[in-house]
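First comes the structure, then the notes that go with it.
Just so we're on the same page: letters track the sequence lines, and every chain starts at 1.
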Amino acid sequence: MAEIKTMAKKSWFLPAILGIVAIAFPPFLGGYFQHLLILMMMWITMATAWNLLGGYTGCVSFGHCVFFGLGAYGGGLLYLHWGISPWWGMIAGPLLAIIAGIPIGLVTFRLRGPYFALSMLALGETFRIVFTNWVSVLGGACGIVSSRTFGVEKLPYYYIALVIAALSVYVVYRLMHSKYGYYFVSIREDQDAAEGLGIPTTRYKMYALIPSALFTGLAGAVYMNYMAYIDPEVVFSLAGISIMMILAVMVGGAGTLGGPILGAVIFVLLNEGIRAAVGPISYLIFMVIACLLIMFLPDGIIGDWAKIKRAFRGKKPVYVGGE
Amino acid sequence: MAYLDINHVVRKFGGLVAVNDITVGLEQGEIFGLIGPNGSGKTTLFNAINNYYPANSGEIIFKGIPITRKSTHEICRLGIGRTFQVVKPLRRMTVLENVMAGAFLRTNSATKARDKALEILNFCELMPRKDMPAKDLPIADKKRMEIARSLAGDPELILLDETAAGLNLVEIEVVMAIVRKIRDSGITCFVVEHVMKFIMGISDRMMCINFGKEIARGTPREIASHPEVIKAYLGEEYAKGK
């Protein structure tokens, strides 16, 4: 938490510059770069949402594809059954993610550490299998094809994704500077001590889960509208969604505000950005980089920034407190 | 009826009866000392009060409210704070943030929590450490931070579990002074301790337990000379007046 505060002290300079660039620059870019930027905004939203529950509150979820998938299917199902515009999915998707999130939390928050992680992993797979096989109601393995409102035009999708990403970062920032933030981090650091300080830990985990599910669901709804095609193997994917959200956060720095943003940008650049040049090996490159970063910078690029600065100055890292 | 009433509390772990039918009442404003050899059930009794390990039978009543079935955080909100024998610092938070986490029990405003935390840190003589990460503190400061964190939630009764263990003589004096100050501010203290200098020095009344059962109760002087207590700590032959 200490690092958030020092970042906040650096005023609004960096966010303002980034904001102006993000708003003014994209119209001058080609379609492919706009595509990359849309993905980046989507992944920033998802990584930021995961980080609230996993990075700050310490509930490491391996099943956030549930919320992404439901966010995508909310609009998809409305379109499939009633032909309603998939834009209603921007409301229905996140709502569905929250409605599913509450009972999921009530059950899984009784578990701690790896048991919580594994139960979420199992849930993610359960949703994928149900959505793959329940053809009559959920569309089955063929998925759902909808229409793209803006045709081939990418900019509207970009600005929608940008607003959602900015909103997610702002909400997390505000939460982490309030009582909620202190309680989330207390729960992560020691759940028993937190209970002993009068913190209703299960309720506060739920307070972290709800915005996390909401923004992950919103990212899913954006994906659904932008791609105009969803299928369960993609949106409920363990390797493609759940794990990637964790890796993006780990690379940037779990439990920091900037970490998920940086992690998501790196992830999209390496995964999608260089795929055109090097082919599917881009996936491998990202994985190797993620492994190396987790080995040498376990707190991520932002979390271990002090360590990186020392390394570049050629000084040996100083470890405080014998850890 | 006493301020904190512990009535026939039993806590078993499998076949082991860790707390066996303990009945004791604490009066408001006193320092009550609990001693006993290792494994005699002192911390288990604390854990039963907080409901970390619920009592198997018996009843605990605080200010006339039965708390035996209430959850740990509800009990804390009712006004029972505690520290841990094996310290549980919120490791990657600073000392100030640790104490603020405790202060949020009574306020929703970060500014108010911060002011309260600073006041408490001053009270516990931890001001110079306030911006250090909790994990980097030496053990004596970690223990004092636990007291501070608990005090920040404005408890009426505080359970202090081996706050002096592992401290040197100077550090023990500091903690003793703090515990006296806590009592003088009107907070009832329930203290578990092995360090005799500490507990004999501050307790108004004491109880000694062994194998989960009460063996003696009285003033520190009475406890120190009680034959059952001497037997439990030193063995049969010392109790016969050697």
Quick one: what part of [X] sits under 4.5 Å from any heavy atom of chain A, side chain, backbone, both or neither?
X: Asn50(B); answer: neither
X: Thr107(B); answer: backbone
X: Ala101(B); answer: both

Check side chain to side chain contact (heavy atoms under 4.5 Å, CB included) between Ile289(A) and all other residues, then give those that pass, not counting sequence neighbours.
->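 Ile289(A) satisfies side chain to side chain contact (heavy atoms under 4.5 Å, CB included) with Leu270(A), Ile285(A), Leu293(A) once adjacent residues are dropped.
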* Is the Phe104(B) ring parallel, tilted or perpendicular to the Tyr183(A) ring (thresholds 30°, 60°)? ->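 Rings of Phe104(B) and Tyr183(A): perpendicular, over 60°.
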Surrounding [atom1] of [X] (heavy atoms of other residues, nucleotides or ligands, distance under 6.0 Å), is the total greater than 12?
X: Lys112(B); atom1: NZ; result: no
X: Arg110(A); atom1: CZ; result: no
X: Arg174(A); atom1: CZ; result: no
X: Tyr53(B); atom1: OH; result: no
X: Phe13(B); atom1: CZ; result: yes
X: Lys12(B); atom1: NZ; result: no

Arg149(B) versus Ala193(A), closest heavy-atom pair with distance: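 For Arg149(B) and Ala193(A), the tightest heavy-atom pair comes out as NH2-CB, 3.9 Å.
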For chain A, which residues of residues 66-82 of chain B have at least one non-hydrogen atom nearer than 4.5 Å to it?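 Near chain A, by residue number: Thr72(B), His73(B), Cys76(B).
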Do you know which of Asn108(B), Thr83(B), Asn51(B) has the most heavy-atom pairs under 4.5 Å to chain A?
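Most heavy-atom pairs under 4.5 Å with chain A: Asn108(B).
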Worksheet item: Less than 4.5 Å apart, any side-chain heavy atom of Lys88(B) and any of Glu189(A)?
Response: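 Counting from C-beta outward, Lys88(B) and Glu189(A) never come under 4.5 Å.
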Would you call Asp190(A) and Arg91(B) a side-chain contact if the rule is heavy atoms closer than 4.5 Å?
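Counting from C-beta outward, Asp190(A) and Arg91(B) never come under 4.5 Å.
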Measure from the side-chain N and O atoms of Tyr52(B) to the backbone N and O of Asp192(A), and report whether any donor-acceptor pair falls under 3.5 Å.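 Yes, Tyr52(B) side chain to Asp192(A) backbone: donor-acceptor pair under 3.5 Å.
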Straight-line distance of Leu90(B) CG to Tyr182(A) OH, nearest 0.5 Å: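 Here the rounded value is 12.0 Å.
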